[in-house]
Peer 1: 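Submitted below is the structure of interest, expressed as structure tokens.
All residue numbers in this chain count up from 1 along the given sequence.
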Amino acid sequence: MKKLNKKILSRLDDVIMSTIEGTSSSPDCNIGAAICVIQGGSEVYRNEYGEADKERHIPMSKNSIFRCYSMTKPITSVAVMILLEKGKIALTDAVSTYIPGFKDQKVLTEDGYVPAYREVTIQDLLNMTAGVNYPDASFPAGKEMQDMIDKFYKDTEEGRPVSTYELANLIGKQPLRFQPGENWNYSFCADVLGAIIEAVSSKRYSDYLKDEIFNPLGMHDTDFYVPESKQGRFMQNYEYMPETQTMEPCQWQHLGLSYMHKKKPEFESGGAGLVSTIDDYSQFVKMLLGKGTYNGIRILGSSTVEFMTQNNLSEKQLRGYNWDALKGYGYGNLMRVMIDVPASGGLGAVGEYGWDGWLGSYVSIDPSNDLAIIYVIQKCGGNGYRDIQIIRNIVYSALEETRE
């Protein structure tokens, strides 16, 4: 197997430093970032850069806590597969079996509302092919979801917080963008899966994750909020302000997230809600690289990990899966899966999978090279996919043939 050359990996330092220095014209804007490269179950390269909180001049450290945003989704996928292995669910189950709001759904088309021709299934949610939406006023079904989430925030601010299960019911009552299975659309699907897990397990989603994943793997800094005792390690989330060309602390949240992750929420977002550390997230990644087992602790069976890390989209669905950052990838079970390396515009390997987060953090897991990359930054909207491509290209260029 190819091994990573650490000297080549050291090129990451200059690249990442230039990235965080280039986020603003201000000379003191070195917002925090970190990189961890894993191979063969061990860290091969690890470094931290800049400041986790530049206002308080707290440097990035090995145990800095970051907002995962959509890096939550691979964890939710594993959580669903645990129920599958226990015989508690089937992927063909109708979502309305667990979330009544998904019964008798409507699709909002150019011709108005029409009945869904079939029920949304758990597999539809895992593949983002359910027709469910994120709030987005640019199209009619997204506008209705935006109106719903606006009311959610109003109720939360007025002391009437909505639970994970309650919000999933509300999501189900909003119209679909297209008929189930017809296309791919990034959406609240993972959040609904968190509510299904609550319904099946009779536990809060956070408690289920602690019992089944976090405590067995020793992920003790991973949760849906940061308790006061740990907030000194919590990375600040920054927003670029074009009028001043500076990075300022972000003062707002979306996607149903609340309390700036500093108070336990009622809605525990399976799509975007977790906070973690690189140490914690590495344990999760090493478990997947270990085909479901880490340090002798079995979370999933190897066949299940293989199943959940394959492309599930048809050619028709792939036409809707058209983000520039996803060229060369398919999708399945809440994660991208590399199916065409040349089409991706960079170095990589077929079968590599993972996802990223809205703040620019990123995870890539490559079974063929027993390799993983975890990159952390906390900037609204991230820094763009070009930075990720450069990091990937350096890591994959460091792979060299060795004689055993």
Side-chain angles (χ1 to χ4, degrees), residues 1-5 8-9 11-12 14-16 18-19 22 33 35-39 44-45 68-74 77 126-129 183-187 190 281 285 288-289 305-377 379 381-401:
M1 186 181 73
K2 294 180 180 180
K3 297 291 186 181
L4 289 165
N5 181 317
I8 294 175
L9 288 177
R11 297 170 184 169
L12 291 166
D14 287 342
V15 166
I16 294 173
S18 66
T19 293
I35 189 80
C36 178
V37 183
I38 297 165
Q39 190 178 39
V44 178
Y45 200 81
C68 295
Y69 269 81
S70 288
M71 277 174 62
T72 302
K73 289 181 171 75
S77 182
L126 285 163
N127 292 343
M128 294 281 180
T129 55
N183 208 331
W184 183 88
N185 187 50
Y186 201 52
S187 67
Y281 210 92
V285 165
L288 289 173
L289 281 175
V305 174
E306 182 179 353
F307 167 81
M308 68 178 283
T309 55
Q310 299 182 49
N311 171 52
N312 284 347
L313 299 188
S314 67
E315 288 188 17
K316 181 181 179 182
Q317 291 165 342
L318 281 168
R319 288 196 288 272
Y321 181 72
N322 55 7
W323 301 355
D324 286 343
L326 298 176
K327 289 179 179 178
Y329 288 96
Y331 190 88
N333 301 302
L334 305 180
M335 292 181 286
R336 66 175 185 277
V337 183
M338 182 72 83
I339 55 178
D340 186 342
V341 175
S344 73
L347 305 182
V350 171
E352 173 264 312
Y353 62 92
W355 201 240
D356 54 8
W358 177 68
L359 298 181
S361 297
Y362 172 88
V363 62
S364 167
I365 304 167
D366 176 0
S368 65
N369 290 295
D370 198 11
L371 166 68
I373 305 166
I374 303 172
Y375 173 64
V376 167
I377 192 170
K379 178 191 173 188
N383 262 346
Y385 186 61
R386 183 178 182 276
D387 288 348
I388 297 298
Q389 283 184 310
I390 289 172
I391 289 169
R392 287 172 55 87
N393 287 342
I394 290 172
V395 173
Y396 274 92
S397 72
L399 285 169
E400 297 179 339
E401 296 285 356

Peer 1: State, to 0.1 Å, how close Met308 and Ser77 come at their nearest heavy-atom pair, and which atoms those are.
Peer 2: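 Here Met308 and Ser77 meet closest at CE-OG, 3.2 Å.
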Peer 1: Of all heavy-atom pairs between Ala343 and Lys327, which one has the smallest distance, and what is that distance?
Peer 2: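 Heavy atoms of Ala343 and Lys327 come nearest at O-CB, 3.4 Å.
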Peer 1: Which atom names give the shortest non-hydrogen contact between Asn383 and Asp387, and what distance separates them?
Peer 2: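 Closest pair (atom of Asn383, atom of Asp387, distance): CB-OD2, 3.0 Å.
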Peer 1: Would you give the length of the straight line joining atom CG of Asn183 to atom CG of Asn322, rounded to the nearest 0.5 angstrom?
Peer 2: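 CG of Asn322 is found 8.5 Å from CG of Asn183.
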Peer 1: Counting N and O atoms only, with roles assigned by atom type, does the side chain of Tyr186 sit under 3.5 Å from a partner on the main chain of Met128, one being a donor and the other an acceptor?
Peer 2: no
Peer 1: What's the shortest heavy-atom distance between Val350 and Val341, and which atoms?
Peer 2: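 That would be N-CG2, 3.7 Å.
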Peer 1: Over all heavy atoms of both residues, which pair between Ala190 and Lys73 is shortest? Give the atoms and the distance, please.
Peer 2: CB-CG, 4.0 Å
Peer 1: For the residue pair Trp184 and Trp323, does the interplanar ring angle fall in the parallel (under 30°), tilted (30 to 60°) or perpendicular (over 60°) class?
Peer 2: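 It falls in the perpendicular class, over 60°.
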Peer 1: Could you give me the CA-CA distance, side-chain angles and deciding distance for Leu12 and Val395, then say whether side-chain contact (heavy atoms from CB on, under 4.5 Å) is met?
Peer 2: CA-CA 8 Å; Leu12 291 166; Val395 173; 4.2 Å; yes
Peer 1: Does any N or O in the side chain of Tyr281 come within less than 3.5 Å of the main-chain N or O of Met71, such that one atom is a donor and the other an acceptor?
Peer 2: yes
Peer 1: Report the residues that fulfil side-chain hydrogen bond (donor to acceptor under 3.5 Å, both in side chains) with Glu315, sequence neighbours left out, ordered by chain and then residue number.
Peer 2: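 Checked Glu315 against side-chain hydrogen bond (donor to acceptor under 3.5 Å, both in side chains); zero matches.
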Peer 1: So, do Thr19 and Ile390 sit near enough that their side-chain heavy atoms are less than 4.5 Å apart?
Peer 2: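 Thr19 vs Ile390: side chains apart.
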Peer 1: Find the distance between OH (Tyr329) and CG (Leu313) and round it off to the nearest 0.5 Å.
Peer 2: 14.5 Å
Peer 1: Under a 4.5 Å cut-off applied to non-hydrogen side-chain atoms, are Tyr375 and Ile16 in contact?
Peer 2: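 Of all side-chain heavy-atom pairs linking Ile16 with Tyr375, at least one is under 4.5 Å.
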Peer 1: Got Lys2 and Glu401 here, is their nearest side-chain heavy-atom distance under 4.5 Å?
Peer 2: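 SC-SC contact between Lys2 and Glu401 confirmed.
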Peer 1: Does Tyr69 have its ring centroid less than 6.0 Å away from the ring centroid of Trp355?
Peer 2: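 Not close enough - the centres of the two rings lie 6.0 Å or further apart.
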Peer 1: Kindly compute the distance separating OH (Tyr385) from CD1 (Ile391), expressed to the nearest 0.5 Å.
Peer 2: 10.5 Å
Peer 1: Quick one: does Cys68's side chain get under 4.5 Å of Thr72's, heavy atoms only?
Peer 2: yes
Peer 1: Enter the distance from Tyr331:OH to Asn312:CG here, rounded to the nearest 0.5 Å.
Peer 2: 10.0 Å
Peer 1: State the OG1-CD distance between Thr129 and Gln317, to the nearest 0.5 angstrom.
Peer 2: 5.0 Å
Peer 1: Side-chain atoms of residues 360-368: list all donor-acceptor pairs with protein atoms under 3.5 Å, sequence neighbours left out, distances to 0.1 Å.
Peer 2:
from	atom 1	to	atom 2	distance (Å)
Ser361	OG	Ile377	N	3.2
Ser361	OG	Ile377	O	3.0
Tyr362	OH	Arg336	NH2	3.2
Tyr362	OH	Arg392	NH1	2.8
Ser364	OG	Glu352	OE2	3.0
Asp366	OD1	Ser368	N	3.0
Asp366	OD1	Ser368	OG	2.7
Asp366	OD1	Asn369	N	3.4
Asp366	OD2	Asn369	ND2	2.8
Asp366	OD2	Tyr396	OH	2.8

Peer 1: Could you state the interatomic distance from CZ (Arg319) to OG (Ser314), rounded to the nearest 0.5 Å?
Peer 2: 7.5 Å
Peer 1: Okay, side chain of Gln39, backbone of Leu4: is any donor-acceptor separation there less than 3.5 Å?
Peer 2: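 Judged by distance alone, yes, a pair lies under 3.5 Å.
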Peer 1: Any donor and acceptor pair, going by atom type alone, linking the side chain of Asn127 with main-chain N or O of Asn333 inside 3.5 Å?
Peer 2: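 Judged by distance alone, yes, a pair lies under 3.5 Å.
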Peer 1: Grab the two heavy atoms, one from Ser397 and one from Leu347, that are nearest each other, plus how far apart they are.
Peer 2: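 Looking at all heavy atoms of both residues, the shortest contact is N-CD1, 3.8 Å.
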Peer 1: Between Gln310 and Val337, is any pair of side-chain heavy atoms under 4.5 Å apart?
Peer 2: no
